[in-house]
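From a predicted model like this one, the values you see are computed outputs, not experimental measurements. These values consider heavy atoms only, across backbone and side chains, with no hydrogens, waters or symmetry-generated copies.
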Amino acid sequence: QVQLVESGGGSVQAGGSLRLACAVSGYTYSSTCMGWFREARGSEREGVAAIDSDGNTRYADSVKGRFTISRDNAKNTLYLQMNSLKPEDTAMYYCAVSSSPAFRGWAPNFITCSGYWGQGTQVTVSS
């Protein structure tokens, strides 16, 4: 059974930083991708960043230059370093891993890097 557990969310003032972590267990696929997604109140879930098994990364335009995604395969953990946070970054953040055993390529909103989801961690940025 695949389980993803996010941590690191919280409240921070604009301009501050947070580092999210996602511990993954029960996942055996190695050649695939993982990603971070967020859902603000009243909005649809959107892809924030994704990383494949070779370390190649993709970012939403809204977070480029501010967020960094990384993965530690030895620890089965996915990270999202968030700097220069803005009030519009306020959302529930979810990590996800692909449910496909093989990488299906990059897709809009990083949808191919999802399938199994964590429960989410809240990030609130105040002005």
Sorted by chain and number, sequence neighbours left out, side chain to side chain donor-acceptor pair (under 3.5 Å) with Q3 holds for none
Across all chains, not counting sequence neighbours, the side-chain contact (heavy atoms from CB on, under 4.5 Å) partners of S62 are R38, A60
*asked:* With a 3.5 Å distance limit and no angle check, can you tell me whether R66 reaches the backbone of S84 through a side-chain donor-acceptor pair?
replied: yes
The salt bridge (charged side-chain N to carboxylate O under 4.0 Å, His left out) partners of R104 (sequence neighbours excluded) come to none
Output for pair (M34 CE, C95 SG), nearest 0.5 Å, gives 7.0 Å
Taking the side chain as every heavy atom from C-beta outward, state whether C22 and V24 have any atom pair closer than 4.5 Å. yes
- prompt: Do F37 and S114 come close enough that some side-chain heavy atom pair is under 4.5 Å?
  reply: yes
Validation row: T68, Y59 side chains within 4.5 angstrom (heavy atoms): yes
Rounded to the nearest 0.5 Å, the CD1 atom of I51 sits from the SG atom of C113 at a distance of 10.0 Å
* To do: Output yes when a side-chain donor or acceptor of T112 lies under 3.5 Å from a complementary backbone atom of G105, and no otherwise.
  => yes
### Query
Got M82 and D89 here, is their nearest side-chain heavy-atom distance under 4.5 Å?
no
Measuring only between side-chain heavy atoms, which start at C-beta, is T32 closer than 4.5 Å to V97? no
Problem set entry | Donor-acceptor under 3.5 Å (N76 side chain, S25 main chain) | no
Sequence neighbours excluded, the answer for salt bridge (charged side-chain N to carboxylate O under 4.0 Å, His left out) partners of D61 is K64
When rounded to the nearest 0.5 Å, the distance separating CG of N56 from CZ of R58 is 6.5 Å
Heavy-atom nearest pair, G26 first then V2, reads O-CG2, 3.4 Å
### Cation-pi check, R71 onto Y79 ring (under 6.0 Å, within 45° of axis)
no
Quiz prompt | Hydrophobic cluster identity match, Y116 and L80, side-chain contacts under 4.5 Å | solution = yes
Distance col, row L78:CG vs C33:SG, nearest 0.5 angstrom, shows 10.5 Å
Quiz item: Cluster question for you: counting only ILVMFWY and a side-chain heavy-atom cut-off of under 4.5 Å, with indirect links fine, are Y27 and L20 together?
Solution: yes
Just wondering, do E6 and W36 contact through their side chains at under 4.5 Å, heavy atoms? yes
Solution key, residues 8-19 side-chain donor-acceptor pairs under 3.5 Å, sequence neighbours excluded:
from	atom 1	to	atom 2	distance (Å)
S17	OG	N83	OD1	2.9

Closest non-hydrogen atoms of S127 and P87, given as atom of the first, atom of the second and distance, are CB-CG, 3.9 Å
* Taking side chain as C-beta onward, heavy atoms only, is M92 less than 4.5 Å from R41? -> no
Smallest heavy-atom separation, I111 atom then A107 atom, equals CG2-CB, 3.8 Å
Residues passing the salt bridge (charged side-chain N to carboxylate O under 4.0 Å, His left out) test with D52, sequence neighbours excluded, are none
- Message: Checking T90 against Q122 for the side chain to side chain contact (heavy atoms under 4.5 Å, CB included) test, could you report, in this order, the C-alpha distance in whole Å, the side-chain angles of both residues, the deciding distance, and whether it holds?
- Response: CA-CA 8 Å; T90 295; Q122 178 68 38; 4.0 Å; yes
Report the relative orientation of the aromatic rings in Y94 and W117; use parallel for angles under 30°, tilted for 30 to 60°, perpendicular for over 60°. perpendicular
